[in-house]
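The first residue in the sequence is number 1, and the count goes up from there.
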Amino acid sequence: MDILAVACALVATALYCNTLQAGFVYDDRRAILTNPDLLSSTPWSRLLENDFWGTPLNDRGSHGSYRPLCVATFRLNHLLGGLEPWGYHLVNVALHAACTVLVVRVARKVLPERNNLGHAITGFLFAAHPIHSEAVAGVVGRADLLACLLTLSALLAYSAHCERTRSPFPLILALVSSTLATLAKETGISSLALCLLWELCRGESSRKVNCGLTRSRSIGIVSGSLALLVLGRLRITGTRPEFASADNPTARHPSRLTRGLTFLYLPAASARMLLCPNTLSFDWSMDAVPRITSLLDARNLESACLYTALIGASIWTIKTLRRPVRETSLHLVQYPRSMSSRCPVCAGRRTGGCHTDGCRAANNNNNGPIGDCYCAKRPNNGLIWSNGFASRQAAASGVATSLGFLVLPFLPASNLFFYVGFVIAERILYLPSVGACLIVGAAISGCYQIARRHGSRKKGRAVLLATVVLICLMSAKTLLRNADWFDEESLYRSALHVNPPKAYGNLGSVLSAQGRVAEAEEAFVQALRYRPNMADVHYNLGILQQGRKNYEEAILSYQRAIHFRPSLAQAYVNLGAALASIGRGTEAAAVLRAGASLDGSGLKDKRAHEAARVQALLQLGALYADQGRLQRALSAYREALHALPDHYPPQSVYNLLGETLSRLQQYAEAERWFQASLASQPDHVPAHITYGKLLARNSSRVLEAERWFLRARRLAPDDSSVHHHYGLFLTSQGRLSEAAEEQLRAAELSRSDYELSMAAASALRQADRLEDAEVWYRHAATLRPHEARSHTNLGAILHLNGKYKQAAAAYSEALRLQPGDATTIMNLHKLAATLA
């Protein structure tokens, strides 16, 4: 057992234990909560046809991210634990711990040293690096975890293939791991490129087995597999998906200079985040990274430093690895006889495995190339000839492999070769961070070795102390960052200083859902101050204003949302509803008709768009029904029925069709639609109510009708509308006492509902419970103190209860609000006659 790897894995697990209590945040909702590919009713084959978000790949609105292996793990989570977040987070933490173990194993092969210091630094840095919080704490980061795990497995398998006399089994394992890594995330395709890099740096051409595999054949197999994976990936996903200008604004900038300088800077910004992760954000879109418009921008210096360092390291690596062994001097090093017996070349001669003096061999221990031995003919005194240049070649190959991990997985997302739908994404730095940790581990270990070589133990201890402090700071930052990912409010607040418009916009939605209306409105306003063209924010602000019955302001917000994004179908639905609420029915009908006819091709979330189009038709039908234009309402509902997508629940449409047909006195057809609604969803409460109302029209089916009302009450005992409609049914049957109890229950469940309070007061009055009726008439008057009807009814019940002075005051208030009201004047005359 590798004690160091286990220790690093335990640290990784301990640092992320606090994420097990986190919920689904940000992209998790779309990938988990609304992804149809997780449902057991969806065939498993759909995972191979849809993208990461459940959209068909051939759809114009598809994101183009093909990750069926990752989605399959989500589906297994769903099968085992439903939508409980902790199970998804547990798998992520376990994957991070497994990746940490493999990073330590890779470090043992890559870093050119005999002691474990560099391996330990690499492992602990990887376990504790704060840049990993997004990939581990965010459930959708599992794609990056899986890709990293399988990429490391592929490299380790291929290194075993090179060491074990070109055995075919490790090669097959490497190819399978690389394919699975690509199916987990697009960056996994770099695993085969890393295997080729390892072959060029470490592979040996002299080894061959019975199967006929040689170095050239191994390179050919890996290169061919890489080409097939690339072609297959392109064939499956087709052309690159479109993305909004806000996601990557630089890509749409008209200046080539600005685009070039900015995209050259982004890798430098990512490298800075790997080396100093003090500023992190859930989203770097919009203008979170200001564009570079001039050569005089100081950030160009960061770009120059990064590319100079990369080019310099690459040139040194290539020169060192290409220098032939014969150019190096041989140094005589005397080892004990016991150690000389460990030389694989000499051991090979004794066993017949090697018959050429001076041949090159490598041992197969975990220290990798540092144990390589370049032997001349072994004299009898136990002297072994050692090549002094081997250490520099091992260091060069280690640098090459580390740079490969750092650069190759990052290239597809760098925007240098083709534009992608983001500026910077911390998740995609999970795999490149392996290279960064290897480089830092080797650098710190080298500093320690230099300090010890010069006999300065204090300097060596200072290096170790600084390393411990660095890892502790990284761990503390990770714990703090994990707290940001605990819930959406914390996450969005943590990014207010990095990406204010996006963070304020999302924060407003969270606060609005929590009922913190004033704070939500302020967050939306702040977002629009930074970026006035955010259609989503205008739309969400409209919802907030509509909920507060500020219809005029809501209408303006919806209109702005539609102006900035004409394809936002849900904005048409809500705008139509707001217009209808203030009596602008003709405009409302036109808006709803426009929303229902929107084309959804090319949209990312086509399911939501299709659902909104159906809702627009249903809202249009309801508008016509309220106007008494039942035939037009029926036509709109039938149109909605024909436009229903597979994922939309049909029972509500069936129920509305039945209700409209019932009002048109087409009872037989209405009953068929009610039954269809109940067959589609047996616990659909509105269908129980409307079907019961239909049956109650027929005196011979009253008992059957009541059974449907009672079933609805059992299904939704806390639904005020169920009790209200059942109370109306009981009133129609003359069961006034029972009706009063149902209406009273309805009013108590929704005390802020004026109509339910009035209905309860009326039912109590009819049941001769006048004192209770007075209580609810008073309550209704407090809900709508400026409505004359409230005071007229209150005056009437006070009149009946003998409270004449209060009744007179209530009548007077009603007449003040509505002068000349005949009912109030008549009641006032009756009161005057009584007092006379």
Only pairs under 3.5 Å count here: list side-chain donor-acceptor contacts from residues 133-141, not counting sequence neighbours, and write none if there are none.
| unit_1 | atom_1 | unit_2 | atom_2 | d |
| --- | --- | --- | --- | --- |
| S133 | OG | P130 | O | 3.3 |
| S133 | OG | N482 | OD1 | 3.0 |
| E134 | OE2 | R427 | NH1 | 3.2 |

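- Listed by chain and residue number, Y419 satisfy the ring-ring contact (aromatic ring centres under 6.0 Å, His included) test with F263 (two or more places apart in sequence, or in another chain).
- Partners of S191 according to the side-chain hydrogen bond (donor to acceptor under 3.5 Å, both in side chains) rule, which considers only residues two or more places apart in sequence or in another chain, are S178.
- Annotation: ring-ring contact (aromatic ring centres under 6.0 Å, His included) contacts of H89 (sequence neighbours excluded): none.
- For A313, the side-chain contact (heavy atoms from CB on, under 4.5 Å) partners at least two apart in sequence or on another chain are V399, L403.
- Applying the side-chain hydrogen bond (donor to acceptor under 3.5 Å, both in side chains) rule to D484 yields the partners R481; only residues at least two apart in sequence or on another chain are considered.
- Annotation: side chain of P432 is not in contact with side chain of V407 (no heavy-atom distance under 4.5 Å).
- Residues satisfying the side-chain hydrogen bond (donor to acceptor under 3.5 Å, both in side chains) criterion with T13, sequence neighbours excluded, are absent altogether.
- Residues forming a side-chain hydrogen bond (donor to acceptor under 3.5 Å, both in side chains) with T73 (at least two apart in sequence, or on another chain): R142.
- For T100, the side-chain contact (heavy atoms from CB on, under 4.5 Å) partners two or more places apart in sequence, or in a different chain, are C8, A12, H96, F126, A127.
- Contact of the L196 side chain with the S223 side chain is registered, since non-hydrogen atoms from C-beta on lie closer than 4.5 Å.
- With Y307 contributing its side chain and L264 its backbone, the two residues share a donor-acceptor pair below 3.5 Å.
- The side-chain contact (heavy atoms from CB on, under 4.5 Å) search around S285 returns D283, N499, K502, not counting sequence neighbours.
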Tabulate below the donor-acceptor pairs under 3.5 Å that side-chain atoms of residues 268-280 make, not counting sequence neighbours, or state none.
| unit_1 | atom_1 | unit_2 | atom_2 | d |
| --- | --- | --- | --- | --- |
| S270 | OG | L266 | O | 3.2 |
| R272 | NE | E302 | OE1 | 2.9 |
| R272 | NH2 | Y265 | OH | 2.5 |

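- Residue Y430 comes nearest to D144 through the heavy atom pair CD2-O, 3.9 Å, listed as atom of the first residue, atom of the second, then distance.
- The ring-ring contact (aromatic ring centres under 6.0 Å, His included) check on Y158 picks up H161, with sequence neighbours excluded.
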